[in-house]
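Notes for the one structure printed next.
Quick caveat: nothing in here was measured; it's all calculated off a predicted structure. These values consider heavy atoms only, across backbone and side chains, with no hydrogens, waters or symmetry-generated copies.
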Amino acid sequence: MTRRSKRTIPELNTTSTADISFMLLILFLVATSMDIDQGITRLLAPVNKKEVEQEKLVDRRNIMEIELKADNSVTINQKKANLNDLNQLVADFIENADNRSDMPEKVLKKIPLLGKCAVTDKHVIRLQVSREAAYNRYFAIQNELMVAYNTLRNRLARAKFGYDYESCTDEQRKAILQVYPLRIAEKQP
């Protein structure tokens with residue numbers, strides 16, 4: 001009788017598996033970027049009656065009302081408007097280059113780095129959106145509004161500093177923001 005020895009299957013050495021998995025976890029945490037949600041900064045509709053009364057004190061000429069209706073049509077101050085023309089209309093309203101009486105009033109303001117400037121810092125763009133309107137149409141309007149502000153800011157930055165608004169220093173940006181402050185208010189339907 002021959003004696004047969006039992007064959008044993010060699011086991012895998014797993015002592016370093018925990019170390020390797022921990023190092024991979026650290027690698028992925030360090031190497032990946034976390035997206036941070038960013039919102040749209042807007043002035044929301046007033047909550048209490050005091051704020052509503054203060055809002056009524058704003059001169060009518062300083063307000064541009066943009067409305068997105070349920071059928072996705074756009075009106076500006078109760079007149080039908082084309083979305084493609086919106087950024088130019090808004091830029092003209094904010095700038096009021098000819099100092100027209102039906103557009104925001106201009107006031108002289110001393111701004112650091114820019115000197116005395118005639119600004120329309122009391123303007124308000126009031127946006128009212130119907131709940132039935134398309135979501136992408138709402139964001140198209142928001143984009144057009146930002147294009148108008150960015151166009152004006154870039155134009156001023158190039159005239160005063162010789163380069164675009166994005167290339168300006170923080171101090172220069174603050175000066176430009178005093179000339180063209182973002183004044184968009186959303187009105188509840």
Side-chain angles (χ1 to χ4, degrees), residues 3-48 51 55 64 66-70 72 74 83-84 86-88 90-91 94-95 109 111-114 117 119 121 123-189:
R3 204 172 206 207
R4 283 192 171 183
S5 63
K6 284 188 178 180
R7 282 191 187 174
T8 58
I9 301 173
E11 292 183 17
L12 292 172
N13 185 4
T14 59
T15 54
S16 64
T17 307
D19 294 337
I20 292 171
S21 61
F22 183 69
M23 288 170 50
L24 283 172
L25 178 66
I26 297 293
L27 173 77
F28 285 121
L29 286 174
V30 171
T32 58
S33 63
M34 302 292 174
D35 289 334
I36 298 171
D37 292 337
Q38 295 180 344
I40 301 173
T41 39
R42 297 292 178 259
L43 183 64
L44 299 177
V47 177
N48 59 29
E51 291 178 18
E55 189 177 282
M64 174 185 262
I66 301 172
E67 184 177 0
L68 176 61
K69 299 188 177 200
N72 291 325
V74 179
L83 187 61
N84 298 332
L86 184 62
N87 67 24
Q88 186 60 46
V90 170
I94 296 167
E95 187 174 33
K109 194 174 186 183
I111 300 173
L113 299 177
L114 299 176
C117 298
V119 298
D121 62 346
H123 76 274
V124 175
I125 297 172
R126 185 182 291 168
L127 178 61
Q128 180 175 340
V129 180
S130 170
R131 293 193 185 275
E132 291 82 31
Y135 200 60
N136 61 350
R137 190 79 166 169
Y138 167 75
F139 276 106
I141 290 175
Q142 292 285 358
N143 286 338
E144 294 297 318
L145 294 175
M146 290 312 300
V147 165
Y149 276 101
N150 289 338
T151 300
L152 292 171
R153 290 172 181 167
N154 279 332
R155 190 182 311 151
L156 181 62
R158 277 189 230 112
K160 296 292 184 178
F161 307 118
Y163 37 85
D164 285 341
Y165 176 75
E166 290 298 319
S167 301
C168 291
T169 64
D170 287 340
E171 197 175 325
Q172 292 169 336
R173 284 184 189 186
K174 285 178 185 175
I176 292 172
L177 286 176
Q178 288 183 32
V179 177
Y180 297 120
L182 184 66
R183 308 228 351 152
I184 300 173
E186 300 222 9
K187 183 180 175 187
Q188 294 176 342

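- Using a cut-off of 4.0 Å between Lys/Arg side-chain N and Asp/Glu carboxylate O, R126 and E186 are scored as not salt-bridged.
- For the pair N72 (side chain) and A134 (backbone), a donor-acceptor distance under 3.5 Å is present.
- Interatomic distance, N87 CG to L145 CG, rounded to the nearest 0.5 Å: 9.0 Å.
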*For the pair L182 and L177, evaluate side chain to side chain contact (heavy atoms under 4.5 Å, CB included) and give the outcome as yes or no after the intermediate values.*
CA-CA 8 Å; L182 184 66; L177 286 176; over 6 Å; no
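- Taking OH from Y163 and CD from Q172, the interatomic distance works out to 3.5 Å, rounded to the nearest 0.5 Å.
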*Begin with the C-alpha distance, continue with both residues' side-chain angles, and end with the deciding distance and a verdict on side chain to side chain contact (heavy atoms under 4.5 Å, CB included) for M64 and V124.*
CA-CA 6 Å; M64 174 185 262; V124 175; over 6 Å; no
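- Interatomic distance, CG of D164 versus CG of N150, reported as 10.0 Å (0.5 Å rounding).
- Considering SG of C168 and NZ of K160, their distance stands at 12.5 Å, rounded to 0.5 Å.
- Partners of Q178 by side chain to side chain donor-acceptor pair (under 3.5 Å), not counting sequence neighbours: none found.
- Side-chain atoms of Q128 and L68, non-hydrogen and from C-beta on, never get closer than 4.5 Å to each other.
- Remark: R173 is positioned above the aromatic ring of Y165, its terminal NZ or CZ atom under 6.0 angstrom from the ring centre and at most 45 degrees off the axis.
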*Please report the C-alpha distance between R137 and V74 in whole Å, then the side-chain angles of each, then the deciding distance to 0.1 Å, and finally whether the side chain to side chain contact (heavy atoms under 4.5 Å, CB included) criterion is met.*
CA-CA 9 Å; R137 190 79 166 169; V74 179; 4.0 Å; yes
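- Taking the side chain to side chain donor-acceptor pair (under 3.5 Å) definition, one finds that D121 meets it with K109, sequence neighbours left out.
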If you look only at distance, which donor and acceptor atoms sit under 3.5 Å apart when one is on a side chain in residues 16-28 and the other is two or more places apart or in another chain?
residue, atom, partner, partner atom, Å
T17, OG1, T14, O, 3.4
S21, OG, T17, O, 3.2
S21, OG, A18, O, 2.9

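- Closest heavy-atom contact between A157 and I176: CB-CD1, 3.5 Å.
- For K174, there are no side chain to side chain contact (heavy atoms under 4.5 Å, CB included) partners, not counting sequence neighbours.
- Note on residues 146-156: pairs passing salt bridge (Lys or Arg N to Asp or Glu O under 4.0 Å), not counting sequence neighbours, are E95-R155.
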*asked:* Could you go through I66 and V90, starting from their C-alpha distance and side-chain angles, then the distance that decides it, and tell me whether this counts as side chain to side chain contact (heavy atoms under 4.5 Å, CB included)?
replied: CA-CA 10 Å; I66 301 172; V90 170; 4.1 Å; yes
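- Remark: N143 pairs with no residue by the side chain to side chain donor-acceptor pair (under 3.5 Å) rule, at least two apart or across chains.
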*For the pair T169 and E171, evaluate side chain to side chain donor-acceptor pair (under 3.5 Å) and give the outcome as yes or no after the intermediate values.*
CA-CA 5 Å; T169 64; E171 197 175 325; 5.6 Å; no
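- Within the model, atoms CD1 of I125 and CD1 of I141 stand 12.0 Å from one another, a figure rounded to the nearest 0.5 Å.
- Taking every heavy atom of both residues into account, Y149 and Y180 meet most closely at CD2-O, 4.2 Å.
- Contact check for E144 versus N84: no side-chain heavy atoms found under the 4.5 Å cut-off.
- Of all heavy-atom pairs spanning P112 and A175, the tightest one is O-CB, 3.3 Å.
- Rounding to the nearest 0.5 Å places CZ of R183 at 11.0 Å from CD1 of I94.
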